[in-house]
Amino acid sequence: MSYNNNTENKPESSNERRKLFVETFGCQMNVSDSEVVVSVLRGTGFELAENPGGADVILVNTCSIRENAEKRAVNRIRQHLGEKKRRRGVIVGVIGCMAQRLKEQFSENGIQVDIIAGPDSYRDLPSLIAEAGTGQQAVNILLSREETYADISPVRMDKNGVSSFVSIMRGCNNFCSYCVVPHTRGRERSRDPGSVIREAGELVDAGYREVTLLGQNVNSYLWRNSSNGEKVDFAMLIERVALELPGMRIRFATSHPKDLSDKLLHTISRYSNICKHIHLPLQSGSSKILKLMNRGYSREKYLERVGAVREIIPECSLSTDIIAGFCSETEEDHLATLSLMEEAGFDFAFMFKYSERPGTGAAKNLDDNVPEEVKIRRLNEIIELQNRLSFESKKTDKGKIFEVLAEGASKKSPYDLTGRTSQNKVVVFPAENHKSGDYVNVEITGFTSATLTGKAKNKS
Ligand code: 5AD
Ligand code: SF4
């Protein structure tokens, strides 16, 4: 690729490309956004630095979902500001959700960053960097109703070259009462399906074998063509991707239970290249708590949707997110979560302690009144139960043969490959003559609660 050597912060005569270091905290959407940021800045003459020590511009893409995530990011930002003291002229910027949430409050808290850029202002980064180069703090925290970065081809930064992401929508309209995302990422908007197919096609051309379609709530994806009124929903979009990219595995995240339609489940079951795994965040098994969380479904409705998944896609795995100790959660509510987990038999879960986020509905209207030690104890009980459920889920896989997409050498041995089944379970197996990017039929011979182990049956 060519660089135009724009030299805003370098002497006129310098031919060196400016170096950019981007560090990413948080969810897959942030990883995907960082790839957009690198693409935007490459176009203005930046190249990637391996580490912050070699960078002219350091950007930290931040997450606000829980207080701990913010604390980790602040520690890193402070370290980078130390770099600035050692090397004059280095520009340190905060981008992403924390930038949006805290805005100028960074300076008020003694964190003197050069750039503050929210999730919808990444196209503006070249001029923000130029402004920061003049010694002024540069800020853009405007949220957009339209921005989807549809025309920007992200610069892939994954290590394996096998599996990557395409973001299909941005923002969220759900306003779950605990959640900061609608406040930091703005209103929901869906991306033109043509641009989604184009970007996924570019991944195929680059040798990728798996794509994850990303959105806060992919089930509410809806594209309206303003010229002919055509509507494309998520079931239609994923079907198009599956048909147009038959050699590609397709995953998606995240599904909101209230919008998980039978139509989508039938589409998933119809195409062998759509992975049989649904991430369906539960949050709580108590209808009372779900109502306070503004989730839009009850315990019964969630279980009804799990039943539909089991009926329409029997081989489908289910993972979930759970929050322990939300406002006014009683022991009975907590037990309802545990019993629902058993009933649904989740294969995997991300489990969190409730963390009040300023500005959210819960922070404004509800009391964060579950004592810390009770939150911790309940979270531990949830984790313990999930460990057992994960173990049981793996146990049923023993003796079965799964098609595994190999993603690279296992961490423990260069002679083993690691990959995932359609159900998103990690499998480690002897590489033999197989390599990263291959689909390999693996017979499962053993397991722990985290990983399946097996042996290749034949080369597919
Ligand atoms: N406290 C704890 N967990 C949270 N999540 C979102 N907001 C909070 C919060 N304030 C969890 C939810 C969500 C996942 C991405 O993070 O479970 O599904
Ligand atoms: Fe947050 Fe709820 Fe939107 Fe998910 S659906 S991003 S939990 S508000």
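Owing to the predicted nature of the structure, the values given are computational and were not obtained by experimental measurement. As the structure lists them, so they are numbered: ligands from 1, and atoms in each ligand from 1.
- Contacts between Phe352 and ligand 1 below 4.0 angstrom, taking non-hydrogen atoms only, involve the side chain exclusively.
- Salt bridge absent: Asp151 and Arg191 never bring a charged side-chain N and a carboxylate O closer than 4.0 Å.
- Around NZ of Lys291, the count of heavy atoms belonging to other residues, nucleotides or ligands within 6.0 Å does not exceed 12.
- Closest to atom 7 (N) of ligand 1 among all protein heavy atoms lies Tyr178 CD1, 3.3 Å.
- Ring geometry for Tyr122 versus Tyr149: interplanar angle under 30°, hence parallel rather than tilted (30 to 60°).
- Within 6.0 Å of the CD atom in Glu384, the count of heavy atoms belonging to other residues, nucleotides or ligands does not exceed 12.
- Residues Arg189 and Thr148 bring no donor and acceptor atom of their side chains to less than 3.5 Å of each other.
- If you number the atoms of ligand 2 from 1 as listed, the ones under 4.0 Å from a heavy atom of His256 come out as 5 (S).
- With hydrogens left out, the protein atom closest to atom 2 (C) of ligand 1 is Lys353 O, 3.3 Å, a heavy atom.
- Between Glu147 and Arg170, none of the side-chain N atoms (NZ, or NE/NH1/NH2) sits under 4.0 Å from a carboxylate O, so this pair counts as no salt bridge.
- Assignment of Glu356 to the shell around ligand 1 is not supported, since no heavy atom sits closer than 4.0 Å.
- Each of the atoms 3 (N), 4 (C), 5 (N), 12 (C), 17 (O) of ligand 1 lies under 4.0 Å from some heavy atom of Ile323.
- Contact of the Ser107 side chain with the Gln112 side chain is registered, since non-hydrogen atoms from C-beta on lie closer than 4.5 Å.
- Inside a sphere of radius 2.8 Å centred on atom 1 (Fe) of ligand 2, the protein N/O/S atoms present are Cys179 SG.
- Using a 3.5 Å distance cut-off with no hydrogens or angles, the side chains of His80 and Glu23 do pair a donor with an acceptor.
- Short contacts between ligand 2 and Arg295, defined as distances under 4.0 Å to a heavy atom of the residue, involve ligand atoms 2 (Fe), 7 (S).
- Under 4.0 angstrom from ligand 1, the non-hydrogen atoms of Ile65 come from both its backbone and its side chain.
- The protein heavy atom nearest to atom 4 (C) of ligand 1 is Arg66 NH1, 3.3 Å.
- In terms of protein heavy-atom proximity, atom 12 (C) of ligand 1 is nearest to Gln283 OE1, 3.4 Å.
- In terms of protein heavy-atom proximity, atom 10 (N) of ligand 1 is closest to Ser355 O, 2.7 Å.
- Residue, atom and distance of the protein heavy atom nearest to atom 18 (O) of ligand 1 are Asp321 OD2, 2.6 Å.
- Across all non-hydrogen atoms, the minimal contact from Thr360 to His183 is CA-NE2, 3.9 Å.
- Stacking of Arg66 on the aromatic ring of Phe352 is recorded, both the 6.0 Å distance cut-off and the 45° axial limit being met.
- For CD of Glu50, the number of neighbouring non-hydrogen atoms (other residues, nucleotides, ligands) closer than 6.0 Å is 12 at most.
- Annotation: side chain of Phe350 is not in contact with side chain of Thr320 (no heavy-atom distance under 4.5 Å).
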